[in-house]
There are 2 protein chains.
Amino acid sequence: MTVTLADVAARAQVSPATVSRVLNGNYPVAASTRERVLRAVDELDYVLNGPASALAAATSDLVGILVNDIADPFFGIMAGAIQSEIGGPGGRAGGERLAVVCNTGGSPERELTYLTLLQRQRAAAVVLTGGAVENAPHAAAVAAKLRKLGDAGTRVVLCGRPPAPDTEAIALTFDNRGGGRELTEHLIGLGHRRLGYIAGPEERTTTRHRLEGHRDALAAHGIEEDPRWTVYGRYDRRSGYEATLELLRRDPSLTAVVAANDSVALGACAALRDSGLRIPDDVSVAGFDDLPFSIDAVPALTTVRLPLAEAGARAGRIAMGREEPPPGGIATIRGELMVRGSSGVPRG
Amino acid sequence: MTVTLADVAARAQVSPATVSRVLNGNYPVAASTRERVLRAVDELDYVLNGPASALAAATSDLVGILVNDIADPFFGIMAGAIQSEIGGPGGRAGGERLAVVCNTGGSPERELTYLTLLQRQRAAAVVLTGGAVENAPHAAAVAAKLRKLGDAGTRVVLCGRPPAPDTEAIALTFDNRGGGRELTEHLIGLGHRRLGYIAGPEERTTTRHRLEGHRDALAAHGIEEDPRWTVYGRYDRRSGYEATLELLRRDPSLTAVVAANDSVALGACAALRDSGLRIPDDVSVAGFDDLPFSIDAVPALTTVRLPLAEAGARAGRIAMGREEPPPGGIATIRGELMVRGSSGVPRG
DNA sequence: AGCCGTACAGCAAGCGCTTTCTATCACGTC
DNA sequence: GACGTGATAGAAAGCGCTTGCTGTACGGCT
């Protein structure tokens, strides 16, 4: 069978308690004893039994990270940053933590199920990334779960997600609205007056906030919006391609297309090119997030940079209790407008 | 405190054993009893204690996924596919499994540490993705770990990684060599004779195999390779950019640049453009992997498509014991040459 | 010399669940 | 009508570790 603590204890001629204390380093043990134990551990190739340890100590070294789509660098970057901070291998000694990355696929049920699974594992902390689904019952269910997690001692951090009311969850929110406004203002400043907007999925906070920012900008400049100028889709390239075609069909006189994110913007670029339109000469395009590939688009994408890695790292530190939560438990993280080649003055 | 099995049992007026059996559904329980238990579970909002359960049953519902870089879609896509198959939420009932995605950052030590951590958690299965580090001591250490994991009942699957000798690990290997050969043959077929190659990090199986494929093709066509034509870098865009500049400096007469992967190729494109060269008129470019964004490059990238999602899904199923391992425990997955706009006949 | 504080080490009681083995009960069966 | 039989339910023994509490020995103190 596998080697147990008792085996190590026997070999080192000490009690199991002592071995445990050597391993955890939270109790004085004479240097000579420690060494003997360590040698035994080594010789027997002993590996602690995680579940047993978690049960006895009533703590776990698992940290949950919920993402909407792990194949999307937007989440991958955040997840990577979080993980690097929660002190898995490479982090400071002692706190060897395992990140559990859960892919919800944007589905509310899965989100809830994963939360339950993490609760079951008695996770040390949980970080929820990305926008939330805007649906009262679901939001309430999630809030309830988060409360329960919090009560059980699990630290809960929201990264790139709006605060969850009635919850102790710390929130690091992206200023999607402000970013959206700035972006559209930039385009308006260039002279655009007829702007198409490709939104993300409905019932998502991120989608709504970015769109609201866009509309705020339009309103602030007295531009009346044509309902035909907004199309909803998903956060992927394909969606951007199709939505752009639809936009062009509805109003061929558009001079700019603002996309919900960079992937969508790339799809939009492809659709425009396939339609024989030049960027930005005929139509300007703007994205959101500034993912690494955005600068490689031709022309490079005008977008709003979100400090994904920084936010993730901070969320990770807060989750580990290594950084003070922001005052009030809420911090708003601003994006930065990146003006690049895909936006220019409108034709004509 | 938190609700325990005993609380539920008391409320349902049955023994803890019965509650456990209802929850696990692996033992006959009268319908009426079951219902009573289920109601109690619901009313008390009971959540099983994972560690306790794992300890008693000597099994765990954790599945580890090791990736080199979670922010890279190459790994994100595989991880997502694996996860969707290991039956987390959304999968078939009963087997609610949690995926533990571990980001090694390509570091051998971290790889080993994570493996130990997973062993400690008594993971049900472990999937290692991506190329392996080619370093005898490390390879031996990993093999030893994998063997130990296997002995402990953890199923081990390698996805996109060469087989690990002396190990029971199932391997789903990408035919990097064949893909590399095909790609270069395509370029040679177009008339290229002076091809630069931007390789990945040294001491990596993926790097070596792709490069060997490239050289095989050159050799097969009697093209003598100039050592100046190969530059090693990392698997990212930045690296591709710099390496291309270096390549151009060493031999401005190159007519094609073959990159270790798509991100590198994108960087190469940027460098070429910044150097005033047109693609493919002046220089052809080729990538590898065919990640989603590759088709959006301008011109679209000629590359080798790897069925990442399919491979990941299959690895996931094998890890869960839901699919027969390939004969001999090894399967080679071929890539498909995707000829697109970034490659053309050489100038002059 | 006698006492006590300090520094270690061990005992043993769980942590919350699973599972084997042992009742119990209601039926048919011969 | 005694007894085998199948279907359920419970008792209890752990799973391997942590930790509060209880020794024990040694050195310094008065």
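Throughout, protein chains are lettered first and strands after them, A, B, ... in sequence-line order, and every chain is numbered starting at 1.
In this structure, the CG atom of A/L55 is 12 Å from the P atom of C/dT18, given to the nearest Å. What separates CG of B/L23 from P of C/dG16 is a distance of 16 Å, to the nearest Å. For the pair B/E35 CD and D/dT8 C1', the interatomic distance rounds to 17 Å; values are reported in whole Å. Between the C1' atom of D/dG20 and the OH atom of A/Y27 lies a distance of 9 Å, rounded to the nearest Å. When the C1' atom of D/dG16 is taken as reference, atom CZ of B/R120 falls 13 Å away, rounded to whole Å. One can place CG of B/L5 at 13 Å from C1' of C/dC15, the figure rounded to the nearest angstrom. Atom CZ in A/R122 sits roughly 14 Å away from atom P in C/dC15 (whole-Å rounding).
With respect to B/V22, the side chain to side chain contact (heavy atoms under 4.5 Å, CB included) criterion is satisfied by exactly one of B/R34, B/E35, B/R36: B/R34.
Residues A/N49 and A/T2 are not in side-chain contact: their nearest non-hydrogen atoms beyond the backbone lie 4.5 Å or more apart.
Of the listed nucleotides (D/dA9, D/dT19, C/dT18), D/dT19 has the atom at the smallest distance from the side chain of A/A17. Distance from the side chain of A/R21 is smallest for C/dC11 among the nucleotides C/dC11, D/dA11, D/dC17. Side chain of A/S20, nearest nucleotide from C/dG16, D/dT18, C/dA9: D/dT18.
Proximity of B/N49 to the phosphate of C/dC15: no side-chain N or O atom is located under 4.0 Å from OP1 or OP2. Between A/T18 and C/dG10, a side-chain N or O to OP1/OP2 separation shorter than 4.0 Å is present. For B/N26, a side-chain nitrogen or oxygen approaches OP1 or OP2 of C/dT19 to under 4.0 Å. Side-chain nitrogen and oxygen atoms of B/N24 include none within less than 4.0 Å of the OP1 or OP2 phosphate oxygen of C/dT19. Phosphate proximity of C/dG16 to B/S53: absent, as no side-chain N or O sits under 4.0 Å from OP1 or OP2.
Note on A/V14: only backbone sugar-phosphate atoms sit closer than 4.0 angstrom, heavy atoms only; bases stay farther off.
Sorted by first and then second residue, the side-chain hydrogen bond (donor to acceptor under 3.5 Å, both in side chains) pairs with a member in residues 155-173 of chain A read A/E111-A/R161; sequence neighbours excluded.
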message = Set out, in order, the CA-CA distance, both residues' side-chain angles and the distance that settles side chain to side chain donor-acceptor pair (under 3.5 Å) for A/S107 and A/T104, then state yes or no.
response = CA-CA 6 Å; A/S107 141; A/T104 66; over 6 Å; no
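Around the CD atom of A/E43, the shell of radius 6.0 Å holds more than 12 heavy atoms that belong to other residues, nucleotides or ligands.
If you find the closest nucleotide of DNA chain D to B/A56 and to B/S15, the one lying nearer the 5' end belongs to B/S15.
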